[in-house]
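In what follows, a single structure is set out as structure tokens and then discussed.
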Amino acid sequence: MRKSLTLLAAAAAAVTLSTGAFAADYAIDPTHTFATFEIGHFGASVNRGRFDRKEGTVQFDRAAKTGKVDISFDVASVNTGTPAFDKHLTSADILNAEAHPKARFVSDRFRFNGDKVSEVSGQLTLLGKTQPVTLKANQFNCFESPMLKREVCGGDFEATIDRTAFGVNYGVDWGFPKNVRLVLQIEAVKQ
């Protein structure tokens, strides 16, 4: 009888492992998640801003080294610290927040270096156009939050995109660069 129970437990464990039971769902923590952008300004300075309102989910399986991410940012929540610049960024000239209120990144391709996520490749949608983007992880970690009493996973990611691939062409004729550096800090709480 004991041997049968042991075999049954082993079979259940094998089924559990094969069905990805270690995959977990995480919700984006909006207080620790931001998308920041940087673009040169006539070679003299760098304009920076971020999107303050965001939402999303992550599925992550450390053992299987897989994951999925779906995160969106409210374009109208752009914040550069200069209200007039924010208004221009959200206008039809640049991000057209009225017609395209969300920017969205969706991925199901995680690359690992050991147990740490090193890249997340997916599709970024901006101004209704979708292009492939790979986010390089500058750092990544999962930890037990002493405040939340839950596991939190997150990292600091970056990518450089050609904004004209999304139809953001404003200022190119004046010499503004096409390339925009994106820096994403993301933390997600296990549900």
Side-chain angles (χ1 to χ4, degrees), residues 24-39 41 46-60 67-108 110 117 119-143 145 147-148 150-171 176 179-191:
D25 292 328
Y26 296 76
I28 296 297
D29 176 357
T31 62
H32 289 98
T33 299
F34 293 96
T36 305
F37 61 88
E38 300 175 350
I39 185 169
H41 188 253
V46 176
N47 287 326
R48 292 180 174 90
R50 73 179 194 191
F51 297 97
D52 287 337
R53 289 190 301 270
K54 56 280 183 184
E55 61 186 8
T57 59
V58 176
Q59 292 178 335
F60 185 58
K68 293 182 181 184
V69 91
D70 187 341
I71 185 167
S72 61
F73 296 88
D74 182 344
V75 173
S77 74
V78 70
N79 181 354
T80 63
T82 306
F85 187 34
D86 297 346
K87 185 175 180 181
H88 189 214
L89 285 170
T90 59
S91 75
D93 282 347
I94 303 176
L95 296 175
N96 200 356
E98 186 175 328
H100 304 284
K102 299 280 184 189
R104 184 177 181 202
F105 180 73
V106 178
S107 171
D108 64 358
F110 283 35
V117 174
E119 287 183 351
V120 177
S121 297
Q123 302 290 317
L124 175 64
T125 302
L126 181 65
L127 281 171
K129 294 179 176 63
T130 302
Q131 297 290 329
V133 171
T134 296
L135 301 173
K136 177 187 165 221
N138 295 323
Q139 61 188 40
F140 181 86
N141 192 38
C142 293
F143 63 96
S145 169
M147 293 167 279
L148 300 174
R150 288 178 161 171
E151 182 181 55
V152 175
C153 291
D156 194 70
F157 301 86
E158 70 176 273
T160 298
I161 63 167
D162 176 349
R163 64 188 174 99
T164 63
F166 298 92
V168 183
N169 299 314
Y170 182 83
F176 289 150
N179 287 344
V180 176
R181 181 174 178 246
L182 302 177
V183 179
L184 286 86
Q185 65 185 63
I186 298 173
E187 288 190 16
V189 181
K190 189 173 183 179
Q191 299 301 292

Distance col, row Ile39:CD1 vs Thr160:OG1, nearest 0.5 angstrom, shows 11.0 Å
Which residues satisfy the side-chain contact (heavy atoms from CB on, under 4.5 Å) test with His88, sequence neighbours excluded?
Ser91, Asp93, Ile94, Tyr170
Below 3.5 Å, can you tabulate the donor-acceptor pairs from side chains in residues 96-105 to any protein atom, sequence neighbours excluded?
unit_1, atom_1, unit_2, atom_2, d
His100, ND1, Gly128, N, 3.4
Arg104, NE, Asp70, OD1, 2.9
Arg104, NH2, Asp70, OD1, 3.4
Arg104, NH2, Asp70, OD2, 2.5

Taking side chain as C-beta onward, heavy atoms only, is Pro30 less than 4.5 Å from Glu55?
no
Using the salt bridge (charged side-chain N to carboxylate O under 4.0 Å, His left out) criterion, which residues pair with Asp52? Sequence neighbours excluded.
Arg50
Tell me, please, which residues at least two apart from Thr33 pass side-chain contact (heavy atoms from CB on, under 4.5 Å).
Ile28, Lys54, Ile71, Ile186
Val133 vs Ile161, side chain to side chain contact (heavy atoms under 4.5 Å, CB included): CA-CA, chis, key distance, verdict:
CA-CA 7 Å; Val133 171; Ile161 63 167; 3.9 Å; yes
Do the side chains of Phe73 and Leu184 get nearer than 4.5 Å, heavy atoms only?
yes
I'd like to check the side-chain hydrogen bond (donor to acceptor under 3.5 Å, both in side chains) partners of Glu151; sequence neighbours left out, ordered by chain and number.
Tyr26, Arg62
Could you give me the CA-CA distance, side-chain angles and deciding distance for Phe140 and Val120, then say whether side chain to side chain contact (heavy atoms under 4.5 Å, CB included) is met?
CA-CA 11 Å; Phe140 181 86; Val120 177; over 6 Å; no
Residue list, side-chain contact (heavy atoms from CB on, under 4.5 Å) with Thr164, at least two apart or on another chain
Asp162, Asn169, Val172, Lys178
Backbone of Val189 reached by a side-chain donor or acceptor of Gln191 within 3.5 Å:
yes
Can you tell me how far OG of Ser77 sits from CZ of Phe34, rounded to the nearest 0.5 angstrom?
10.0 Å
Working to the nearest 0.5 angstrom, can you tell me the gap between Gln185 CD and Thr36 OG1?
6.0 Å
All side-chain hydrogen bond (donor to acceptor under 3.5 Å, both in side chains) counterparts of Asn179, not counting sequence neighbours:
none
Test of understanding: with ring pair (Phe, Tyr, Trp, His ring centres under 6.0 Å), list the residues that count as partners of His32, not counting sequence neighbours.
none
Working to the nearest 0.5 Å, report the span between CZ of Phe157 and NZ of Lys136.
11.5 Å
For the side chain of Ser107 and the backbone of Ser121, is there at least one donor-acceptor N/O pair under 3.5 Å apart?
yes
Exercise: identify the closest heavy-atom pair between Phe166 and Leu124:
CE2-O, 3.3 Å
Closest non-hydrogen atoms of Val152 and Ser145, given as atom of the first, atom of the second and distance, are CG2-CB, 3.8 Å
Test: salt bridge (Lys or Arg N to Asp or Glu O under 4.0 Å). Region: residues 179-190. Which pairs qualify, not counting sequence neighbours?
Glu38-Arg181, Glu158-Arg181
Tell me every residue that passes side-chain hydrogen bond (donor to acceptor under 3.5 Å, both in side chains) with Asn141, counting only those two or more places apart in sequence or in another chain.
Lys116
If you apply the rule side chain to side chain contact (heavy atoms under 4.5 Å, CB included), what do you find for Thr90 with Leu95, and how did you get there?
CA-CA 5 Å; Thr90 59; Leu95 296 175; 5.6 Å; no
Who passes side-chain contact (heavy atoms from CB on, under 4.5 Å) against Thr80, sequence neighbours left out?
Phe37, Thr82, Phe85, Asp86, Leu89
Quick one: list whatever passes side-chain hydrogen bond (donor to acceptor under 3.5 Å, both in side chains) with Asp74, sequence neighbours left out.
Arg53
